[in-house]
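Bear in mind the structure is a predicted one, so any value in this text is a computation, not a measurement. Excluded from the calculations below are hydrogen atoms, water molecules and symmetry mates; all remaining heavy atoms, backbone and side chain alike, are included.
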Amino acid sequence: MTQALALIVDDEPDILELLNITLSRMGISSKAAQNLTEAKQLLKTHHFDICLTDLQLPDGNGLELVEHIQTHCPNLPTAVITAFGSMEVAIKALKLGAFDFVSKPVNLKSLKNLVSSAIKINDTETPVDRRSRDTLLGDSIVMANVRAKIAKLARSQAPIYISGESGTGKELVAKLLHEKGPRAQQAFIPINCGAIPHELMESELFGHQKGSFTGAIADKKGLFQTANGGTLFFDEIADLPLHMQVKLWG
């Protein structure tokens, strides 16, 4: 089995060393670049399995590199390292095609999970079939565009909003996104937000301990725990009470 190769782009020697050591312990080799110019040159001469880039670089920023990779190496999953709290930038990176983002200070456990998921995208040992023609039927240009968008979005860790009239196949699209992505071997759990009583919603999502309220006769795992590493599909999410929506996204 060929050893995976990562591109690390950062102008801070300490960060480069930390990332290199972390990846090495995962059995992943790495090449380092301290700016955009060096990164683009390495991309021309090596085949990488993942790219980790800092946002602020001496000759530009990581978002420029994300765009460059999307144009020249579209199958390379790229994660942007952002300063703590830079959520707007992280969202922009995801919209540009980044696989995910990492906040500073870097949490090594989260980083390892991210890298493992990214490597699975192009894993030739267990390839993922990204075609959906036999599942999502239709030969129109619109349907072809939907299938292409599913294949692209399945490579991202970003939350995805699916809209459409009742019966148009929102859950089918959600399941395809799951099956075509790096989480395909984990659980896909659909939740009908309108079918769960509001007073039980928090317990269903986050679980509870025995005795925490009347009727809690045993510990119960929440759906977030059950789907850990997989996908949660919130059907009719607008039916969630507002205070629960705040807990989910706040």
Quiz item: Ile119 and Ala4: which non-hydrogen atoms are nearest, and at how many Å?
Solution: CD1-CB, 3.9 Å

Quiz prompt | From Leu177 atom CG to Thr231 atom OG1, the distance as rounded to the nearest 0.5 Å | solution = 8.5 Å

Quiz prompt | Side-chain heavy-atom pair Pro74, Ile69 within 4.5 angstrom cut-off | solution = no

Self-check item: Residue pair Pro77 / Ala118: nearest heavy atoms and the distance that separates them
Solution: CG-O, 3.7 Å

Self-check item: Distance (rounded to the nearest 0.5 Å) between Ile237 CD1 and Tyr161 OH
Solution: 9.0 Å

Quiz item: Do other residues, nucleotides or ligands put more than 12 heavy atoms under 6.0 Å from the NZ atom of Lys175?
Solution: no

Quiz item: Hey, what's the ring geometry for Phe233 with Phe188, parallel, tilted or perpendicular (30° and 60° as the breaks)?
Solution: parallel

Quiz item: Nearest 0.5 Å, what's the CG-NZ distance between Asp49 and Lys120?
Solution: 14.5 Å

Quiz item: Which residue pairs pass the ring-ring contact (aromatic ring centres under 6.0 Å, His included) test with at least one member in residues 48-70, sequence neighbours excluded?
Solution: His46-Phe48, His68-His72

Exercise. Please assess Phe234 against Cys193 for the test side-chain contact (heavy atoms from CB on, under 4.5 Å), listing each intermediate value before the final yes or no.
Key: CA-CA 6 Å; Phe234 289 90; Cys193 296; 3.8 Å; yes

Exercise. Give a yes or no on whether a salt bridge exists between Lys104 and Glu12, defined as a side-chain N under 4.0 angstrom from a carboxylate O.
Key: yes

Quiz item: Got a donor-acceptor contact below 3.5 angstrom from the Ser203 side chain to the Leu200 backbone?
Solution: no

Quiz item: Which is it for Leu108 and Leu18 under the side-chain contact (heavy atoms from CB on, under 4.5 Å) test, yes or no, and what are the steps along the way?
Solution: CA-CA 9 Å; Leu108 294 185; Leu18 173 65; 4.0 Å; yes

Exercise. With sequence neighbours left out, write down each residue that passes salt bridge (Lys or Arg N to Asp or Glu O under 4.0 Å) with Glu202, or none if nothing qualifies.
Key: Lys247

Practice problem: Would you kindly confirm whether Leu19 and Ile50 end up in one hydrophobic cluster when ILVMFWY residues are joined by side chain heavy atoms under 4.5 Å apart? | Solution: yes

Quiz item: Is there a donor-acceptor pair under 3.5 Å between the side chain of Ser116 and the backbone N or O of Lys112?
Solution: yes

Self-check item: In one Ile/Leu/Val/Met/Phe/Trp/Tyr side-chain cluster, 4.5 Å: Phe224, Ile189
Solution: yes

Practice problem: Evaluate side-chain contact (heavy atoms from CB on, under 4.5 Å) for Thr22 paired with Val115, printing each intermediate quantity in order. | Solution: CA-CA 10 Å; Thr22 302; Val115 170; over 6 Å; no

Practice problem: Please answer: with hydrophobic residues joined when any side-chain heavy atoms are less than 4.5 Å apart, are Ile8 and Met26 in the same cluster? | Solution: yes

Quiz prompt | Nearest atoms (heavy-atom pairs only) where Gln34 meets Pro58 | solution = O-CD, 3.3 Å

Quiz item: Which atom names give the shortest non-hydrogen contact between Glu38 and Ala33, and what distance separates them?
Solution: OE1-CA, 3.5 Å

Self-check item: Joint hydrophobic cluster, Ile28 plus Leu114, side-chain heavy atoms closer than 4.5 Å
Solution: yes

Quiz item: Is Gln3 reaching over with its side chain to a backbone N or O of Gly27, donor-acceptor style, under 3.5 angstrom?
Solution: yes

Quiz prompt | Distance in Å, Leu57 CG paired with Asn35 CG, rounded so as to fall on 0.5 Å steps | solution = 7.5 Å

Quiz item: Would you say the side-chain atoms of Gln225 pair up with the backbone N or O of Lys221, donor to acceptor, closer than 3.5 Å?
Solution: no

Quiz item: Can you name the one residue among Ile81, Leu63, Asp10 that meets side chain to side chain contact (heavy atoms under 4.5 Å, CB included) with Leu55?
Solution: Leu63

Exercise. Please name the pair of heavy atoms, one in Ser110 and one in Asn107, separated by the smallest distance, quoted to 0.1 Å.
Key: N-OD1, 2.9 Å

Quiz prompt | Flag side-chain contact, heavy atom, 4.5 Å: Thr82 against Val102 | solution = no

Quiz item: How about Asp54 and Asp11: do any of their side-chain heavy atoms sit closer than 4.5 Å?
Solution: yes

Exercise. Answer with yes or no whether the hydrophobic clustering places Leu153 together with Val146; edges join I, L, V, M, F, W, Y residues whose side-chain heavy atoms lie under 4.5 Å apart.
Key: yes

Quiz item: Between OG1 of Thr37 and CD of Gln41, what distance do you get to the nearest 0.5 Å?
Solution: 9.5 Å

Quiz item: With a 4.5 Å heavy-atom cut-off, do Lys170 and Glu165 have their side chains touching?
Solution: no

Quiz item: Checking side chain to side chain contact (heavy atoms under 4.5 Å, CB included) against Cys51, which of Leu42, Leu43, Leu65 comes through?
Solution: Leu65

Self-check item: Atom pair CG/NZ of Leu7 and Lys31 - distance to nearest 0.5 Å
Solution: 10.5 Å

Practice problem: Count the heavy atoms of every other residue, nucleotide or ligand shown that sit under 6.0 Å from CD of Glu17, and state whether that count exceeds 12. | Solution: no

Quiz item: Out of Asp59, Val9, Asn61, Thr53, which residue meets the side chain to side chain contact (heavy atoms under 4.5 Å, CB included) rule with Leu36?
Solution: Asp59

Practice problem: Could you tell me which non-hydrogen atom of Ser30 sits nearest to which non-hydrogen atom of Asn20, and how far apart they are? | Solution: OG-OD1, 2.5 Å

Self-check item: Worked check of side-chain contact (heavy atoms from CB on, under 4.5 Å) between Val80 and Val89
Solution: CA-CA 9 Å; Val80 176; Val89 176; 5.5 Å; no

